[in-house]
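Naming convention: chains lettered A, B, ... in sequence-line order (proteins, then strands); numbering from 1 in each chain.
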Amino acid sequence: MSADIPATPERSDFIREIVAADVREGRVSDVVTRFPPEPNGYLHIGHPKSIALNFGIAQEFGGRCHLRFDDTNPIKEEQEYIDSIQEDIRWLGFEWGEHLYFASDYFHQLYDWALYLIKAGKAYVDDLSADEIREYRGTLTEPGKNSPWRDRSIEENLDLFERMRAGEFPDGARVLRAKIDMASPNINMRDPVLYRILHATHPRTGDEWCIYPLYDFAHGQSDAIEGVTHSLCTLEFEDHRPLYDWLIENLPVPSRPRQYEFSRLNFTYTVLSKRFLRRLVSEGHVRGWDDPRMPTLAALRRRGFPPEGLRNFLDIVGLGGKGTSAAEIEMLEHEVRDVLNRRAPRRFAVLRPLKLVIDNYPEAQVEEMEAVNNPEDPSAGTRKVPFARELWIERDDFMENPPSKFFRLAPGREVRLRYAYLVTCTDVVKDASDEIVELRCTYDPETHGGDAPDGRRPKATLHWLSSEHAVPAEVRLYDRLFTRPDPGADGDLFADLNPDSETVREECLVEPELAGLPIGETVQFERLGYFCPDPDSTPGRLVFNRTLGLRDTWARLQAQSRRP
RNA sequence: UGGGGCGUAGCCAAGUGGUAAGGCAACGGGUUUUGGUCCCGUGAUCCCAGGUUCGAAUCCUGGCGCCCCAGCCA
């Protein structure tokens, strides 16, 4: 388990209480859990709850957590996903060591157990088609009826199942079913299908098999093989538990795992359906699974989210109850900002440059101004930022006719240039089309560093860049992928996609210090937000992603006055 | 009108018969060389109706509402 995550015994929820009781009362000695992803897509923001739960419990109880791929459906699964899932779990901060497993490792054992069930008269080969099986299953309110093939002899079942395995039949021709109860009120118990014929190449077993077990026949048995004590899954499997138990009880498995269910975690402004995410990628609405707008872990990583923010969020949310819930995405963002505020070095960057010339500042002079790297962390020290007569400031920091609540730069007004001087705007230069192209200012030489000897305190402090020293960069601003908190509520997810989820600004400038920043390292652009270099960066062209903006009271005020 | 679950503030969530934690959001105010951070303040009688009890969000009964299950997906 990762060393940087301290065990917090105080953490408690109904599952930890069950585990604690099992240990206390001697039902289990070594706690074993498992995270069982199907490698059919990228891990998304809904997965860490299960990952942190399973790895966390193993860690807290001195047990172990297995990473086991539930790879029983070769039609949907790919090696690319097997790789990305491992990378994402490690990024999140969890480690399974040598305990990497695949359900496909157990195909031979599972096959033997299928034979065992047949010999016990508890499974049979059914010749019904998929459609017929559906008809025979009955409905939610009516019982099903027995398949005409339900009472074949054990010998015939054995023969047929072996021939299924040998590849004598085409896909869909026959299935192996458990013989339980077609009248059960629980549809999962109406002779569930255990094996189907699939002439497909498996990412790991290749063409060795043409029959594959279904989830229900693979999962619990894999748990038993690995000695998993607590098999934690989401609520929708609650009514599979009787089947889970039935199989464990009717097979000569080496251990007795127990299944417990917890609620999934959803978020506002977010869609986690793998099918939909796959379409976003394949239809080009985003550039890939790790497009920073995606809700995948790969995307959050690329966007600069610290995994600790995710973990802290999960700690605060807890396991929750057994109801349906969607956390407001703001809650996650708060935890991410909390981590970044403490950790991210401060830097200067200008997104929409406006030229500012200080008329009374010596023509060729350059001063190295001392800037604090992180006011939240004195040990981060300081750095030098070059200051000169010609500067860039943020266009949004100047208004020719400011409303009363605007207290940044305006004609005749004095503001502070952070860590530099107090400057006063004396003139506004415009081009032929009346666009403001330049500001003329004067500075007060007595205010070096930003403090006035006479105690004058401007209402605003601005960030700036020396035009001679500033480094050009592209900055990509990200916003929510959807325009509403409940995307798709009107029936069309695509209609709710936010057309402004990405804004690319090519003409940005950053302080020289930023040129060598490693990919994925998140810094704060003062007064703007958190940003990190994107992998698209090249030595000659810096590209930054906005991880998250800072809370912005001024923007909120403006929005309020626009729609009162 | 089958089965399995769930209903505590806008959102998440503690609470397990003794008189409703906490966080996010929102709204006020203070500090501030980031309109950031930080600090202070403001909100519920627990889906509804009966009942048991000295006492119920917690127990019982009856309603109402919401979620999941009819893949040879997981």
Side-chain angles (χ1 to χ4, degrees), chain A residues 12-14 36-38 40 70 72-73 75-77 126 128-130 133-135 137-144 171-177 183-190 192-198 211-212 214-216 218-219 233-242 261 263 265 268 274 313 316-335 337-338 341-342 346 348 371-372 375-376 405-408 416-420 422 447 449-451 457-463 485 524-529 549-557:
Chain A
S12 181
D13 51 62
F14 74 95
E38 183 192 12
N40 68 343
D70 238 325
T72 56
N73 187 355
I75 291 170
K76 293 185 173 177
E77 297 152 7
D126 196 343
L128 254 28
S129 70
I133 285 180
R134 190 177 313 119
E135 284 167 31
R137 185 152 36 220
T139 69
L140 294 178
T141 52
E142 306 155 37
D171 289 3
R174 293 181 223 265
V175 292
L176 181 73
R177 291 230 255 172
S184 172
N186 181 345
I187 290 182
N188 294 298
M189 298 299 270
R190 317 238 265 228
V193 174
L194 267 22
Y195 265 94
R196 78 287 219 186
I197 301 171
L198 244 35
I211 57 171
Y212 292 91
L214 274 93
Y215 166 84
D216 287 304
H219 201 96
C233 63
T234 44
L235 256 25
E236 67 269 31
F237 292 100
E238 219 156 2
D239 43 20
H240 284 245
R241 192 177 350 119
E261 309 85 13
S263 62
L265 186 55
T268 53
K274 281 188 189 173
F313 166 79
I316 283 162
V317 167
L319 252 202
K322 288 209 161 192
T324 320
S325 63
E328 290 179 334
I329 195 73
E330 288 86 348
M331 226 183 292
L332 204 212
E333 292 174 347
H334 174 266
E335 293 306 317
R337 287 197 183 95
D338 186 57
N341 177 53
R342 277 182 277 117
R346 271 56 170 177
F348 282 174
V372 173
E376 306 296 319
K405 297 273 186 54
F406 183 91
F407 42 81
R408 274 110 94 146
R416 169 165 42 227
L417 294 181
R418 188 156 218 225
Y419 302 128
L422 265 43
T447 60
D451 280 312
R457 295 170 57 160
K459 292 193 75 174
T461 299
L462 273 39
H463 59 278
Q524 183 192 105
F525 287 175
E526 291 221 30
R527 303 208 303 134
L528 297 173
L550 255 23
R551 287 192 70 201
D552 191 344
T553 305
W554 168 237
R556 229 183 318 146
L557 286 174

### Task
Scan side-chain atoms only and decide if His463(A) and Arg527(A) contain a donor-acceptor pair under the 3.5 Å cut-off.
yes
Euclidean distance for [atom1], [N] against [M] (whole angstrom):
{"N": "C64(B)", "M": "U45(B)", "atom1": "P", "value": "25 Å"}
{"N": "C24(B)", "M": "U42(B)", "atom1": "P", "value": "16 Å"}
{"N": "U37(B)", "M": "C47(B)", "atom1": "P", "value": "35 Å"}
{"N": "C48(B)", "M": "C11(B)", "atom1": "P", "value": "15 Å"}
{"N": "A20(B)", "M": "C46(B)", "atom1": "P", "value": "12 Å"}
{"N": "U58(B)", "M": "A21(B)", "atom1": "C1'", "value": "16 Å"}
{"N": "A25(B)", "M": "C40(B)", "atom1": "P", "value": "16 Å"}
{"N": "G15(B)", "M": "U8(B)", "atom1": "C1'", "value": "9 Å"}

d([atom1], [X]; [atom2], [N]) in whole Å:
{"X": "Phe237(A)", "N": "G4(B)", "atom1": "CZ", "atom2": "C1'", "answer": "14 Å"}
{"X": "Arg342(A)", "N": "C38(B)", "atom1": "CZ", "atom2": "C1'", "answer": "13 Å"}
{"X": "Asn188(A)", "N": "G4(B)", "atom1": "CG", "atom2": "P", "answer": "13 Å"}
{"X": "Leu140(A)", "N": "U1(B)", "atom1": "CG", "atom2": "P", "answer": "13 Å"}
{"X": "His334(A)", "N": "A26(B)", "atom1": "NE2", "atom2": "P", "answer": "11 Å"}
{"X": "Leu332(A)", "N": "A25(B)", "atom1": "CG", "atom2": "P", "answer": "12 Å"}
{"X": "Arg418(A)", "N": "U37(B)", "atom1": "CZ", "atom2": "P", "answer": "14 Å"}
{"X": "Lys405(A)", "N": "G35(B)", "atom1": "NZ", "atom2": "P", "answer": "16 Å"}

Please check the phosphate of [N] (OP1 and OP2 only) for any side-chain N or O of [X] closer than 4.0 Å.
{"X": "Arg551(A)", "N": "G35(B)", "result": "no"}
{"X": "Thr461(A)", "N": "U32(B)", "result": "no"}
{"X": "Arg196(A)", "N": "A74(B)", "result": "yes"}

Under 4.0 angstrom, heavy atoms only, what part of the nucleic acid is [X] near: base, sugar-phosphate, or nothing?
{"X": "Phe525(A)", "answer": "nothing"}
{"X": "Leu176(A)", "answer": "nothing"}
{"X": "Pro375(A)", "answer": "base"}
{"X": "Arg346(A)", "answer": "base"}
{"X": "His219(A)", "answer": "nothing"}

### Message
Distance criterion of 3.5 Å, no angle test: do you see the side chain of Glu376(A) paired donor-to-acceptor with the base of G36(B)?
### Response
yes
### Query
What about Asn186(A), does its side chain sit under 3.5 Å from the base of G4(B) through a donor-acceptor pair?
no
### Task
Using a 4.0 Å heavy-atom cut-off, write out nucleotides 10-17 of chain B from 5' to 3' as B (base contacted by protein), S (sugar-phosphate only) or - (no contact).
BBSSS-B-
### Query
Taking for each residue the nucleotide of RNA chain B bearing the nearest heavy atom, is the 5' side occupied by Lys322(A) or by Arg408(A)?
Lys322(A)
### Query
Taking for each residue the nucleotide of RNA chain B bearing the nearest heavy atom, is the 5' side occupied by Arg457(A) or by Asp70(A)?
Arg457(A)
### Message
Syn or anti for G71(B), given that syn means the glycosidic angle lies within 90° of 0?
### Response
syn
### Query
Roughly how far apart are Leu550(A) CG and Leu528(A) CG, rounded to 0.5 Å?
8.0 Å
### Task
Would you please test Asp552(A) and Arg556(A) for salt bridge (charged side-chain N to carboxylate O under 4.0 Å, His left out) and show each step?
CA-CA 6 Å; Asp552(A) 191 344; Arg556(A) 229 183 318 146; over 6 Å; no
### Message
Nearest to the side chain of Ile187(A), heavy atoms from C-beta on, is which of A74(B), G36(B), C69(B)?
### Response
C69(B)
### Task
Please tell me which of the listed nucleotides, G35(B), C68(B), C38(B), lies nearest to the side chain of Asp338(A)?
C38(B)
